[in-house]
Student: 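Submitted below is the structure of interest, expressed as structure tokens.
Just so it is clear, the structure is predicted and the values come from calculations on it, not from any experiment. Side-chain atoms are counted along with the backbone in the values below, which use heavy atoms only and exclude waters and symmetry mates.
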Amino acid sequence: MRVSLCTIARNEERALNGLLRDFRDQNYPHNKIEIIMVDSNSTDRTHELMDEFKETDNGFYAVKVYTCYGSNQAAAWNVAIEHATGDIIIRVDAHAQIPRQFVSRNVFNIKEGENVVGGGRPNICANPNPWTKTLQAAEESLFGSSVADYRRPAAQKEYHDSLFHAAYRREVFAKVGGFNEDLGRTEDNEMHYRIRQAGYKICCCPEIISFQHTRSTLKHMISQKYGNGYWIGLTVGVCPKCLSYFHFIPFVFLLSIIGSLLFWIVTGQPVLLAIIAAMYAMFNMVNTVGAFILKKTLNPMFLILPFLFPILHLSYGVGTLVGLIKLPRWKKSLDGSSQRRIEEVKQAVKNNTVIYDEEQVEVL
């Protein structure tokens with residue numbers, strides 16, 4: 001089976017070299033792998049690195065580089081998918097690391113009869129030091145980040161609502177089309193919802209694993225959490241069924257703080273705020289101790305975790321609040337173009353042809 005191994009990147013020159021090295025090291029026959037890379041109009045050396053890799057003879061069936069002038073990840077992924085010619089299309093984030101068996105293990109499970117496969121996606125540190133390891137511990141904690149099943153390796157085959165780095169039979173995109181370009185961070189949730197609605201199962205396989213680099217600074221992590229929450233708020237107006245109630249826990253936490261503060265101001269009774277603070281402090285300390293135990297470390301920087309957790313939660317919650325406030329105006333601005341793109345990508349995959357729009361895509 002021919003595989004289209006796809007990645008998109010915007011200003012990822014620091015991470016891209018490692019991922020391209022992982023592509024080169026794959027043990028699946030290179031003459032059956034098509035590499036597709038989409039540069040989202042980077043201003044650093046990302047595009048140059050892609051071109052250099054294209055010119056290097058690694059025995060791949062083909063190496064293709066495109067530029068997407070769209071404004072988000074969904075637009076770039078659509079460019080990659082509509083140009084893919086493989087029987088299997090694999091999506092890998094540029095800020096990732098994959099083992100040498102990654103492609104072959106995905107192909108094996110597709111051949112076993114699955115239509116969409118992937119595996120756990122734990123976090124790693126690109127530049128490990130006490131501070132970045134602390135950020136990683138916050139990101140990996142169920143309390144600090146997410147309870148999403150795909151973040152942790154599976155013990156056995158499991159069927160999930162979503163996966164991160166996933167492999168898809170070509171027919172999946174031929175049936176459901178491309179990504180919704182109206183969405184900035186939740187395009188995976190919406191796409192996988194449509195895939196499930198079309199009757200496909202999303203299989204998490206224990207032998208498949210990939211890794212995602214943790215944000216290396218608190219500023220970037222806060223920005224990431226805020227953006228995630230913001231798009232959760234907006235996605236309520238587009239595809240509420242693709243979201244879980246877990247996505248709204250930080251928002252509910254924020255509302256509980258605001259509500260208890262207002263109750264204190266109106267009644268002069270701080271009891272609600274005290275109860276919420278006590279409950280949060282309990283979970284906070286339990287998860288901080290758990291981080292020390294799970295990581296088997298005495299890293300003193302972990303003592304900052306009780307302060308990091310509320311920062312991340314409130315960043316996400318504020319993002320959701322802002323998204324919900326902006327939702328009515330944002331929804332009115334939608335012009336239906338993303339639905340047309342979904343259909344265009346569907347037809348491109350069906351026909352195995354390339355859509356060339358000079359205003360959006362520059363073929364290099």
Student: Under a single-linkage rule joining Ile, Leu, Val, Met, Phe, Trp and Tyr whose side-chain heavy atoms are separated by less than 4.5 Å, which residues share a cluster with Val271?
Tutor: Phe263, Leu272, Ile275, Met279
Student: Taking the cut-offs as 6.0 angstrom to the six-membered ring centre and 45 degrees off its axis, would you call Lys201 and Tyr159 a cation-pi pair?
Tutor: yes
Student: Indicate the atoms forming the closest heavy-atom contact of Leu20 with Met37, along with that distance.
Tutor: CD2-SD, 3.5 Å
Student: Is there a side chain to side chain contact (heavy atoms under 4.5 Å, CB included) between Lys175 and Val349? Walk through the geometry before answering.
Tutor: CA-CA 9 Å; Lys175 187 169 185 177; Val349 174; over 6 Å; no
Student: Taking all non-hydrogen atoms of both residues, which atom of Ser256 and which atom of Ile276 are closest, and how far apart?
Tutor: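 Taking every non-hydrogen atom into account, O-CD1, 3.4 Å.
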Student: Applying the 4.5 Å side-chain criterion to the ILVMFWY set and letting contacts propagate, would Phe23 and Leu16 be lumped into a single cluster?
Tutor: yes
Student: Looking at Tyr316 versus Tyr226, is the centre-to-centre ring distance below 6.0 Å?
Tutor: no
Student: What about Leu312 and Val252, same hydrophobic cluster or not, with Ile/Leu/Val/Met/Phe/Trp/Tyr joined at side-chain heavy-atom distances under 4.5 Å?
Tutor: no
Student: Is there a side chain to side chain contact (heavy atoms under 4.5 Å, CB included) between Tyr193 and Asp161? Walk through the geometry before answering.
Tutor: CA-CA 7 Å; Tyr193 174 75; Asp161 288 344; over 6 Å; no
Student: Have Glu181 and Asn78 got a donor and an acceptor in their side chains that come within less than 3.5 Å?
Tutor: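 Indeed, the side chains of Glu181 and Asn78 share at least one donor-acceptor pair under 3.5 Å.
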Student: Ignoring hydrogens and geometry beyond distance, is a side-chain donor-acceptor pair present between Asp39 and Thr46 at under 3.5 Å?
Tutor: no
Student: Indicate whether the side chain of His247 and that of Ser244 have a donor and an acceptor atom separated by less than 3.5 Å.
Tutor: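 The answer is no; no qualifying pair exists.
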Student: With the threshold set at 4.0 Å, does a side-chain nitrogen-carboxylate oxygen contact exist between Glu343 and Arg340?
Tutor: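 Looking at Arg340 together with Glu343, the answer is no, because their closest N to O distance does not fall below 4.0 Å.
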Student: Are Leu327 and Ile325 connected, step by step, through hydrophobic side chains (Ile, Leu, Val, Met, Phe, Trp, Tyr) whose heavy atoms are closer than 4.5 Å?
Tutor: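 Yes.
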Student: Given side chains that start at C-beta, do those of Phe248 and Val236 come closer than 4.5 Å, heavy atoms only?
Tutor: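 Counting from C-beta outward, Phe248 and Val236 do come under 4.5 Å.
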Student: Please tell me whether Gln97 and Asp22 have a donor and an acceptor in their side chains that are separated by less than 3.5 angstrom.
Tutor: no
Student: Taking atom types as modelled, is there a side-chain donor on Glu34 or Thr85 under 3.5 Å from an acceptor on the other?
Tutor: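 There is such a pair between these side chains.
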Student: Quick check on salt bridge (Lys or Arg N to Asp or Glu O under 4.0 Å): which of Arg170, Arg341, Lys346 does Glu82 satisfy it with?
Tutor: Arg341
Student: Which label fits Trp330 and Trp231: parallel for a plane angle under 30°, tilted from 30 to 60°, or perpendicular past 60°?
Tutor: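 Ring orientation of Trp330 relative to Trp231: perpendicular.
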Student: Which class fits the ring pair Phe253 and Tyr280: parallel under 30°, tilted 30 to 60°, perpendicular over 60°?
Tutor: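 It falls in the parallel class, under 30°.
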Student: Using the ring of Tyr61 (Phe, Tyr or Trp, six-membered ring only), decide whether Arg2 places NZ or CZ under 6.0 Å from its centre and within 45 degrees of its axis.
Tutor: yes
Student: Under a 4.0 Å N-O cut-off, is there an ion pair linking Lys157 with Glu114?
Tutor: yes
Student: Can you find a pair of side-chain heavy atoms, one from Val172 and one from Val116, that are under 4.5 Å apart?
Tutor: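 Val172 vs Val116: side chains touch.
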Student: With side chain to side chain contact (heavy atoms under 4.5 Å, CB included) as the test, would you mind laying out the steps for Met191 and Val176 before giving the verdict?
Tutor: CA-CA 8 Å; Met191 166 64 81; Val176 304; 3.8 Å; yes
Student: Quick one: do the Asn11 and Thr43 side chains pair a donor with an acceptor below 3.5 Å?
Tutor: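 Present: a donor and an acceptor within the cut-off.
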Student: Identify, with sequence neighbours excluded, every residue that meets ring pair (Phe, Tyr, Trp, His ring centres under 6.0 Å) alongside His213.
Tutor: His95
Student: If you take all heavy atoms of Val345 and Gly177, which pair is closest and at what distance?
Tutor: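 Looking at all heavy atoms of both residues, the closest pair is CG1-C, 4.4 Å.
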Student: Within a strict 4.5 Å, meaning less than it, do heavy atoms of the Val3 and Tyr28 side chains meet?
Tutor: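 Yes, close enough: below the 4.5 Å cut-off.
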Student: State whether Lys225 and Glu139 are salt-bridged, where the test is any N-O pair (Lys NZ or Arg NE/NH1/NH2 against Asp/Glu carboxylate O) under 4.0 Å.
Tutor: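 Result for this pair is yes, salt bridge flagged.
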Student: Taking side chain to side chain donor-acceptor pair (under 3.5 Å) as the test, write out the residues that go with Asp188, two or more places apart.
Tutor: Arg91
Student: Any chance you could lay out the side chain to side chain donor-acceptor pair (under 3.5 Å) test for His220 and Ser223, step after step, and finish with the verdict?
Tutor: CA-CA 5 Å; His220 288 155; Ser223 176; over 6 Å; no
Student: Is it true that the side chains of Asn58 and Thr56 contain a donor and an acceptor less than 3.5 Å apart?
Tutor: no
Student: How long is the gap from CG on Leu254 to CD1 on Ile249, to the nearest 0.5 Å?
Tutor: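 With rounding to 0.5 Å, CG (Leu254) is 14.0 Å from CD1 (Ile249).
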Student: If the plane angle is over 60° it's perpendicular, under 30° parallel, otherwise tilted; pick one for Phe60 and Phe53.
Tutor: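 Answer is tilted, since the angle falls between 30° and 60°.
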